[in-house]
Novice: 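Okay, handing you the structure first.
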Amino acid sequence: MNQDLIEKVMKQVSDELAASKSASASSTTPTCDCACDGVGLTEFVGTAIGDTIGLVIASVDPMLSDVMKLGKFRSIGIIGGRTGAGPQIMAVDEAVKATNTEVISVELPRDTKGGAGHGSLILIGAEDVSDARRAVEIALNVLPKYFGDVYGNEAGHLEFQYTARASYCLEKAMGATLGKAWGMTCAGPAAIGTVLADTAVKAANVEVIGYSSPGNGGTSFSNEVILTFTGDSGAVRQAVRAAIEVGKKLLGSLGDEPKSTTEPYI
């Protein structure tokens, strides 16, 4: 066998071995759509839309556990975003459904990087740090979906959320009833949010859970109005959709046509 043929055979075998190793690695490595490379810290899980970062602490220092009100948990997952509160809450709601974790706290700081609305800080408790990390990964991966009905232009923003079955994060943050349909309308400037609240309750047979305005609690004095409500899943969805239609027209009167941040899901 001549030397050229031997080299060709050896190259083919080498290429096949490399491909096999690559396929094996990809089949055993969990997939994650969030950005999670290049930091090199065990606490870092990833980042996502809305300037959202996902972190874990395997064992919170005992000096902090009481003041942070962690209860029985020492391992925690952390979701924090500069822009958005509803999307992060909805994403964590999905995450706790799918993992052995609990929501410890939900805080809505006034933020939006200088805009009219909120940022978010959500703590997730777990007995094992691997559960906390998995919950954070799930939340980061589904977060883009819940930015689908967040619309904005240079004048402000609109935010709408809907689920047919609320879980523990929505219960803690928004007073939702476990297992029941839940919807939310939100807009900044607050004047538009006021009209959207009225539009939603007139559009369908729903029950109001909460109403928040700049001086009426729940908005960190931000320039927006938030309405949350429950009822039959079809009615809740209808109420949200009616508010979306009106909200886009009203916010559009102040500037460009409001655009979805990702892809509408409601």
Novice: What are the two closest non-hydrogen atoms of V96 and Y168, and how far apart are they?
Specialist: CG2-CB, 4.2 Å
Novice: Under 4.5 Å between any side-chain heavy atoms of N205 and D232, yes or no?
Specialist: no
Novice: Just by modelled atom types, is the D131 backbone N or O under 3.5 Å from a matching donor or acceptor in the N100 side chain?
Specialist: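 No: the side chain of N100 does not pair with the backbone of D131.
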Novice: Could you tell me whether the side chain of V236 reaches within less than 4.5 Å of the side chain of Y162, counting heavy atoms only?
Specialist: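 When only atoms from C-beta onward are counted, V236 and Y162 do touch, with a gap below 4.5 Å.
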Novice: If hydrophobic clusters are built by linking Ile, Leu, Val, Met, Phe, Trp and Tyr wherever their side-chain heavy atoms come under 4.5 Å apart, do V150 and V246 end up in the same one?
Specialist: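 Different clusters.
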Novice: So if I apply the side-chain contact (heavy atoms from CB on, under 4.5 Å) rule between L196 and each of I244, L227, V240, L158, which one comes out positive?
Specialist: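 One option only clears the test, and that one is L158.
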Novice: Treating T228 as the side-chain partner and I209 as the backbone partner, does any N or O pair qualify as donor plus acceptor under 3.5 Å?
Specialist: no
Novice: Any heavy-atom pair between the side chains of I78 and V45 that's under 4.5 Å?
Specialist: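 No, too far: nothing below the 4.5 Å cut-off.
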Novice: Less than 4.5 Å apart, side chain to side chain, heavy atoms only: is that true for P87 and E159?
Specialist: yes
Novice: Does the side chain of E154 reach to within under 4.5 Å of the side chain of D256, using non-hydrogen atoms?
Specialist: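 Of all side-chain heavy-atom pairs linking D256 with E154, at least one is under 4.5 Å.
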Novice: Does this structure show an ion pair linking K97 with E94, if we count only N-O contacts that are shorter than 4.0 Å?
Specialist: no
Novice: Mind jotting down which residue pairs meet the salt bridge (Lys or Arg N to Asp or Glu O under 4.0 Å) criterion with at least one end in residues 166-187? Sequence neighbours excluded, please.
Specialist: none
Novice: Determine whether W182 and M90 satisfy the following criterion, side-chain contact (heavy atoms from CB on, under 4.5 Å), listing intermediate values before the conclusion.
Specialist: CA-CA 11 Å; W182 176 90; M90 293 288 288; 3.8 Å; yes
Novice: So, does T230 use its side chain to make a donor-acceptor pair with the main chain of A181 at under 3.5 Å?
Specialist: yes
Novice: Could you give all pairs that pass the salt bridge (Lys or Arg N to Asp or Glu O under 4.0 Å) test and reach residues 198-219, with sequence neighbours left out?
Specialist: D198-K202
Novice: Applying salt bridge (Lys or Arg N to Asp or Glu O under 4.0 Å), which residue pairs with at least one partner in residues 81-92 are found, sequence neighbours left out?
Specialist: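 Residue pairs passing salt bridge (Lys or Arg N to Asp or Glu O under 4.0 Å), neighbours aside: R82-D111.
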Novice: Could you pull out all residues at least two apart from S130 that satisfy side-chain hydrogen bond (donor to acceptor under 3.5 Å, both in side chains)?
Specialist: D128
Novice: Scan C186, S213, P214 and name whichever one has a side-chain contact (heavy atoms from CB on, under 4.5 Å) with E224.
Specialist: C186
Novice: Below 4.5 Å, heavy atoms only, C-beta onward: do I89 and S120 meet side chain to side chain?
Specialist: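 When only atoms from C-beta onward are counted, S120 and I89 do not touch, as no gap falls below 4.5 Å.
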Novice: List in chain and number order the residues that pass side-chain hydrogen bond (donor to acceptor under 3.5 Å, both in side chains) with N223, two or more places apart in sequence or in another chain; answer none if no residue qualifies.
Specialist: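 Not a single residue meets the side-chain hydrogen bond (donor to acceptor under 3.5 Å, both in side chains) criterion with N223.
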Novice: Run the side-chain hydrogen bond (donor to acceptor under 3.5 Å, both in side chains) test against D149 and tell me which residues pass, sequence neighbours left out.
Specialist: Y151
Novice: Any side-chain heavy-atom pair from I53 and F44 closer than 4.5 angstrom?
Specialist: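 When only atoms from C-beta onward are counted, F44 and I53 do touch, with a gap below 4.5 Å.
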Novice: I want to check something: taking the side chain as every heavy atom from C-beta on, are L55 and L41 in contact at a cut-off of under 4.5 Å?
Specialist: no
Novice: Can you check whether G215's main-chain N or O pairs, donor with acceptor, with T219's side chain at less than 3.5 Å?
Specialist: no
